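Below you'll find the structure, written out as structure tokens, and then a few comments.
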Amino acid sequence: MKTTHKRLLVLFMLLSLLLSSLSTALADDDDWYTYTYSYWGEEMASPNAYMVTNDVYLQDIDPELGSLSNASGLFCIDNHTFVCDTNNNRIIEYIREDGKYKVVRAIYTFNVSQPMAEDMKFNGVVDNTMFSPTDIFVKRMTAEERLKLYGDKYLGEPYDFGDEPLPQPTEAPADNTDEQKQDDENASDEGATTTSDADGETGETGETGETGETGETGETGETGDQPAAPVAPVERKDNIIRIDMDCDYEIFVADSQHNRVVHCDYDFNVVSVIKDPKDETLTDKYVFIPIKIVNDNAHRTYVQAQGVVNGLMEFSKDGTFTAYVGAAKVVVGFFQKLWRKLQTKEQRKRGEQYVPTEYNNLSLDSRGFIYATISALDDDDIYAGTATPIRKLNSMGSDILIRNGAHFPMGDISWGNIQSTATGASKFIDVIAFDNDTYCCLDKTRGKIFAYDFQGNMLYAFGNIGYSKGRFTRVTAMDNLDEETILVLDGQRGSITEFSMTEYGQMINEALLLYKQGYYDKSAEVWKRILQYNGNFELAYVGIGRALLRKGEYKEAMKYFENAHDSENYSKAFRHYREEVVEKYIVYFIIGLAVLIIIPKIIRKVRKLRKEIREA
């Protein structure tokens with residue numbers, strides 16, 4: 001009998017342990033999937049703004065092509081998605097039809113005409129292959145527009161490669177890190193005032209003119225700590241076409257280890273090449289390694305190049321380097337300058353070098369402003385708000401991003417997130433901007449997407465590190481297929497995860513759009529509906545308060561701002577409410593004041609008159 005009881009007890013304990021493990025696993029997958037932060041920096045659970053609707057693996061769609069390897073670039077336009085399959089030295093194009101992804105083609109080589117052969121030389125050989133492509137940018141352009149802008153050189157007779165061998169890599173890919181450090185030390189020794197990124201300011205580097213509008217968002221992934229590109233034989237492979245298409249697209253490829261940006265048409269006929277930039281700030285040993293690229297409607301190409309800390313490199317239509325844009329501008333203190341003057345050359349070399357911080361990605365919004373991310377920032381500076389991991393640059397290179405939220409756009413506020421074992425600040429490696437001026441940042445630290453409105457308020461965050469649905473092993477890039485669909489590239493897993501916006505996310509976008517269009521009453525109604533979904537969403541209270549403030553209902557607006565701990569808007573509402581009260585009661589105040597002044601005089605007059613009558 002006792003033996004039976006013991007067996008039942010052991011069985012019960014094992015069953016309890018199993019259920020506990022199962023519930024923990026389910027909690028890890030589902031609990032707190034989407035969240036936001038309160039005014040006090042506390043994580044607040046939120047309804048899902050996006051849901052996973054697709055996981056795309058190349059080997060599942062087209063087994064012959066195999067899997068992606070260290071894919072690091074992603075670009076979406078219309079229903080097309082382009083991926084830079086970096087270690088496989090190719091670009092994969094997908095098309096999305098009826099919710100499913102199909103492979104359009106795999107591109108290994110460019111088509112080179114005889115007039116363009118000289119520009120495509122690498123190590124003295126005409127090389128039409130790709131070697132570690134890290135980024136791709138695509139925009140709309142017709143053949144007629146291209147001919148007018150660039151001429152017809154790219155349509156000349158095809159170059160005959162014959163049996164011409166390709167140059168093979170014999171050592172690790174080029175890296176400018178050591179060269180840049182030496183350059184910074186030389187600059188410091190010469191007395192140049194170069195500085196760190198601590199104050200988060202973005203300064204001018206010379207006028208660049210208007211940036212121009214673009215119809216697409218440029219976006220691609222991580223650069224700072226990617227695994228090294230493969231040191232493997234380079235082969236001239238035939239391109240693989242699965243679906244024959246004819247699109248009016250212009251394509252730019254960051255062919256990083258060939259030290260060039262290749263500009264081509266949709267059929268990958270080479271139109272122009274950007275390589276070997278010339279500038280007095282670049283040493284003779286500098287190797288041009290383009291990592292991320294965008295091209296605006298003024299046909300300027302902006303490049304984030306490895307080892308360049310002076311800002312983004314701007315190139316004109318003909319490929320000429322013209323300026324640096326958006327370099328961090330930090331002033332070194334007087335005593336720091338004085339101390340460096342008193343140091344020996346060796347002490348200066350060993351001491352801290354004050355240099356601007358290198359960008360790691362860039363993107364264009366629909367109005368031509370550049371959004372740029374920086375991940376190589378000190379955690380303490382990020383937490384203090386003195387560093388700016390996300391910037392919005394105008395044509396002069398100045399940071400015009402609005403940061404009016406309770407917390408700066410910096411990703412996670414609380415770094416001890418129970419949903420992740422990762423430590424430290426969020427590190428943004430990609431950004432996409434939407435037409436309603438909201439934007440999303442991709443965090444490589446915890447594999448999350450953070451969404452912000454045009455005022456810098458955090459809307460929601462989702463994602464995490466892991467292998468379950470909606471989680472990642474190593475995010476490298478992100479882009480939006482449309483205004484309600486986000487794609488995230490996992491470079492380690494070789495997958496593309498599709499997120500589609502939920503009704504909750506759509507309502508937030510609707511409320512923000514209505515407010516920007518001046519429909520304050522309608523905006524407030526949508527925010528009230530949002531509060532029914534999420535009563536903890538402080539931005540909804542702010543949204544209602546703003547609408548009431550615009551309508552002139554200041555007292556009611558104060559209540560909503562108070563609920564959201566929005567002291568700035570509360571002060572505005574209170575100031576207007578005070579003015580309203582003063583205007584409303586000013587007449588009564590004047591009458592009362594007059595009464596207080598005049599009646600005593602009248603009384604004194606009457607008393608004086610009565611006294612005179614008695615004495616008479």
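Computed from a predicted structure; not experimentally measured.
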Taking the side chain as every heavy atom from C-beta outward, state whether [X] and [Y] have any atom pair closer than 4.5 Å.
{"X": "V431", "Y": "C440", "result": "no"}
{"X": "N509", "Y": "N436", "result": "yes"}
{"X": "F499", "Y": "F462", "result": "yes"}

Can you tell me if [X] uses its side chain to pair, donor with acceptor, with the backbone of [Y] under 3.5 Å?
{"X": "E483", "Y": "D435", "value": "yes"}
{"X": "T485", "Y": "L481", "value": "no"}
{"X": "T502", "Y": "A49", "value": "yes"}
{"X": "Q304", "Y": "Y359", "value": "yes"}
{"X": "Y37", "Y": "I413", "value": "yes"}
{"X": "S38", "Y": "W40", "value": "yes"}
{"X": "T301", "Y": "N295", "value": "no"}
{"X": "D78", "Y": "H80", "value": "no"}
{"X": "N480", "Y": "I486", "value": "no"}
{"X": "K292", "Y": "T134", "value": "yes"}

Go through the side-chain N and O atoms of [X] and [Y] and say whether any donor and acceptor fall under 3.5 Å apart.
{"X": "E498", "Y": "Y101", "value": "yes"}
{"X": "N48", "Y": "T34", "value": "yes"}
{"X": "S375", "Y": "N360", "value": "yes"}
{"X": "T473", "Y": "D490", "value": "yes"}
{"X": "N70", "Y": "R474", "value": "yes"}

Original post:
Strictly under 6.0 Å, is that where the ring centroids of Y452 and Y439 end up?
Top reply: yes

Original post:
What do you reckon, are the aromatic ring centroids of Y460 and Y35 less than 6.0 Å apart?
Top reply: no

Original post:
Which atom names give the shortest non-hydrogen contact between N79 and E97, and what distance separates them?
Top reply: ND2-CG, 4.4 Å

Subject >> Nearest heavy atoms of F472 and G447, plus distance in Å >> reply: CD1-O, 3.3 Å

Tabulate below the donor-acceptor pairs under 3.5 Å that side-chain atoms of residues 523-535 make, not counting sequence neighbours, or state none.
from: S523; atom 1: OG; to: A511; atom 2: O; distance (Å): 3.1
from: S523; atom 1: OG; to: W527; atom 2: NE1; distance (Å): 3.4
from: Y533; atom 1: OH; to: E503; atom 2: OE1; distance (Å): 3.4
from: Y533; atom 1: OH; to: E503; atom 2: OE2; distance (Å): 3.3
from: N534; atom 1: OD1; to: N536; atom 2: N; distance (Å): 3.2
from: N534; atom 1: ND2; to: Y504; atom 2: OH; distance (Å): 3.2

Are the charged groups of [X] and [Y] less than 4.0 angstrom apart, N to O?
{"X": "D379", "Y": "K427", "answer": "yes"}
{"X": "D430", "Y": "K444", "answer": "no"}
{"X": "D412", "Y": "R446", "answer": "yes"}
{"X": "K469", "Y": "D55", "answer": "no"}

Less than 3.5 Å apart, which donor and acceptor atoms pair up between the side chains of residues 553-565 and the rest of the protein, not counting sequence neighbours?
from: E553; atom 1: OE2; to: K551; atom 2: NZ; distance (Å): 3.2
from: N563; atom 1: ND2; to: K559; atom 2: O; distance (Å): 3.4

Original post:
For E538 and Y39, what are the C-alpha separation, side-chain angles and deciding distance, and is it a side-chain contact (heavy atoms from CB on, under 4.5 Å)?
Top reply: CA-CA 8 Å; E538 293 178 352; Y39 173 82; 3.5 Å; yes

